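Whatever order the structure lists them in is the order used to number ligands and atoms, beginning at 1. Bear in mind that the values here come from a model prediction, so they are computed numbers and not experimental data. Values below: every heavy atom of this structure, side chains too, minus hydrogens, waters and symmetry copies.
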Amino acid sequence: MSYKVVKFGGSSLADANQFRKVAAIIKSDDKRRFVVPSAPGKRFSDDIKVTDMLYKCCELAGSGVDFSDDLQLIKNRYNGIISELGMDMSLDEEFDTIERELKARPAKDYAASRGEFLNGKVLARFLGFNFVDAADVIVFNTKGSLLLEETVKAARERLKGLENAVIPGFYGRTTEGVIKTFSRGGSDVTGSIIANAVRAEIYENWTDVSGFLVADPRIVDKPDVIETITYRELRELAYMGASVLHEDAIFPVRSAGIPINIRNTNAPEDAGTMIVSNDHDFSRESLGHTITGIAGKKGFSSINIEKAMMNNEHGFGMKVLKVLYDNGLSFEHMPSGIDTMSITLETARLEPVRDKVIAELRREVEPDHIDVEDGLAILAVVGRRMKNTRGTVARVFAAMAHARINVKLIDQGSSELNVIIGVSENDLPEAIRRIYDMFINSEKQ
Ligand code: ADP
Ligand code: ASP
Ligand code: MG
């Protein structure tokens, strides 16, 4: 029999009522046997995620400040869920251990991981499923990188013969036995790994929206749901800040040919978004829009270098890149002209070495002029159909021109899967709305 791996995000497990919805979803399909939960998330918009509460406890513990009140608030959240579900279960022992550990060794990853650990225990008991600690199956090296092969082997071994299991998301352990988490939102990655390990027929990722949307719903009002998206398109969008799925959640299932289905815990009747590989048969798909999705993120700077005839100067680009390399900087884009070259990179990475980098560039390439522009946003318009459609870039520009938004950079990857533009941070939401109008609303008319 083949199985479905189901991952539920924080908002899907934020309170007892959400737990009931999750149990109903799992019980409605006998193939849903392996469950990966996140920690309880927000119940309302200014609520605090359990993960953030745990980070706070750890910070207090690290400064030698009493954190018992903060830990009690976390305990109250779990106890609220347990009692409302009418369960007979105590987490006292677990909380004593957490308090003791944090006092002795306030480690951030350990603290954060307890949100998923405890939620996994509660969910396993509620469902009547086995509990498998992620620390036993997810393995990192001592530098904190996931060891995928070892992990899949360990997970396969541990889950073999189990009829069902709840495996908490977000964390594992290093080869030295220290608890380690993925970056934020990392339960998606755990789900993907478990799907690979049990050779699932599908990886269902249950969240609070009815699929991957064409644009961020906080920017565009009620954006369309993307029916089918390829892993490559999704990676471009996820990298650009469409945060519905952690970007590292793609590799483990992609290599195994397992599709991901993004679903809504609050609307389980909706089909959601299917994420498939490039060689998926799209022939039966209703002809969609030219573009698949739009996403953007803020926080970029551009180093602008001007020098007459730089294109004739042998090794100019190499010298510039060497300065970046020597300072541990990677860059996102490098648009250039005959006398100008710009390098777009993350402001937060540039900041600590900004003056040094500029001084070194001055010395190495002796520019006529050099400056840094901050406050840039990068926006990606992504779509597998763009390759076969003429005029996409022109339409992006037209949308920007109508809105009087100044385009500061443009780049198109050789795969013609995306068009990247740079705009001022203040213009980002409007730019996204205008592109949405241009490609989605107007194509509907
Ligand atoms: P979970 O806690 O279930 O993992 P996340 O908060 O990580 O959920 O991801 C879902 C959220 O991602 C949505 O509530 C939405 O606000 C946000 N989001 C941003 N961009 C998109 C997009 N293009 N499509 C869908 N959701 C998006
Ligand atoms: N609970 C973790 C976070 O808030 C991991 C996750 O939700 O996937 O980032
Ligand atoms: Mg998430």
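- A side-chain donor-acceptor contact under 3.5 Å links Thr174 to the backbone of Glu176.
- Heavy-atom contacts of Ala215 reach the following atoms of ligand 1: 23 (N) (cutoff under 4.0 Å).
- The protein atom (non-hydrogen) at minimum distance from atom 11 (C) of ligand 1 is Asp208 OD1, 4.0 Å.
- The closest approach between His246 and ligand 2 stays at or above 4.0 Å for every heavy atom of the residue.
- Ranking protein heavy atoms by distance to atom 9 (O) of ligand 1, first place goes to Val244 CA, 3.6 Å.
- A side chain to side chain contact (heavy atoms under 4.5 Å, CB included) with Tyr203 holds for exactly one of Ile194, Ile262, Asn261, Asp188; it is Asp188.
- Ligand-side atoms of ligand 2 in range of Arg184: 3 (C), 4 (O), 9 (O), range being under 4.0 angstrom from any heavy atom.
- A heavy-atom separation below 4.0 Å is found between Ser243 and ligand 1.
- Protein heavy atom in closest approach to atom 23 (N) of ligand 1: Leu213 O, 3.0 Å.
- Scanning the protein for heavy atoms near atom 3 (O) of ligand 1, the closest one is Thr207 OG1, 2.7 Å.
- A salt bridge is absent between Lys408 and Asp427; no separation between the charged side-chain nitrogens and carboxylate oxygens falls under 4.0 Å.
- Atom numbering of ligand 2 starts at 1 in the shown order; those under 4.0 Å from a heavy atom of Thr51 are 1 (N), 2 (C), 3 (C), 4 (O).
- Considering backbone and side-chain N/O of Val209, none are found under 3.5 Å from N/O of ligand 1.
- Of the protein's non-hydrogen atoms, the one nearest atom 6 (C) of ligand 2 is Ser187 OG, 3.4 Å.
- Of the charged side-chain nitrogens involved, at least one lies within less than 4.0 Å of a carboxylate oxygen, so that Arg105 and Glu101 count as a salt-bridged pair.
- Scanning the protein for heavy atoms near atom 7 (O) of ligand 2, the closest one is Ser38 OG, 3.3 Å.
- Heavy-atom distances between Gly10 and ligand 2 stay at or above 4.0 Å for every pair.
- Note: Phe8 and Trp206 have parallel aromatic rings, judged against thresholds of 30 and 60 degrees for the angle between ring planes.
- Protein non-hydrogen atoms do reach within 4.0 Å of atom 16 (O) of ligand 1.
- Lys21 and Gln18 are linked by a side-chain donor-acceptor pair at a separation below 3.5 angstrom, with hydrogens and angles left out of the test.
- For the pair Arg433 and Tyr436, the NZ or CZ position fails the cation-pi test of under 6.0 Å to the six-membered ring centre and within 45 degrees of the ring normal.
- No heavy atom of Gly9 sits closer than 4.0 Å to any atom of ligand 2.
- Atoms of ligand 1 lying under 4.0 Å from at least one heavy atom of Lys7, given by number and element, are 4 (O).
- In terms of N/O distances under 3.5 Å, ligand 2 is approached by Gly185.
- Judged purely by atom type and a 3.5 angstrom limit, Thr151 uses its side chain to pair as donor or acceptor with the backbone of Val139.
- In terms of polar-atom proximity, Asp188 is not counted as a contact of ligand 2, lacking any N or O under 3.5 Å from an N or O of the ligand.
- The closest approach between Ser12 and ligand 1 stays at or above 4.0 Å for every heavy atom of the residue.
- The cationic atom of Arg114 (NZ for Lys, CZ for Arg) lies less than 6.0 Å from the six-membered ring centre of Tyr171 and within 45° of the ring axis.
- The residue from Glu233, Glu236, Glu227 that alone fulfils the side-chain hydrogen bond (donor to acceptor under 3.5 Å, both in side chains) condition with Thr292 is Glu233.
- For ligand 1, the polar-atom distance check finds an N/O of Gly10 within less than 3.5 Å of one of the ligand's N/O atoms.
- Under the 4.0 angstrom criterion for non-hydrogen atoms, Gly211 is in contact with ligand 1.
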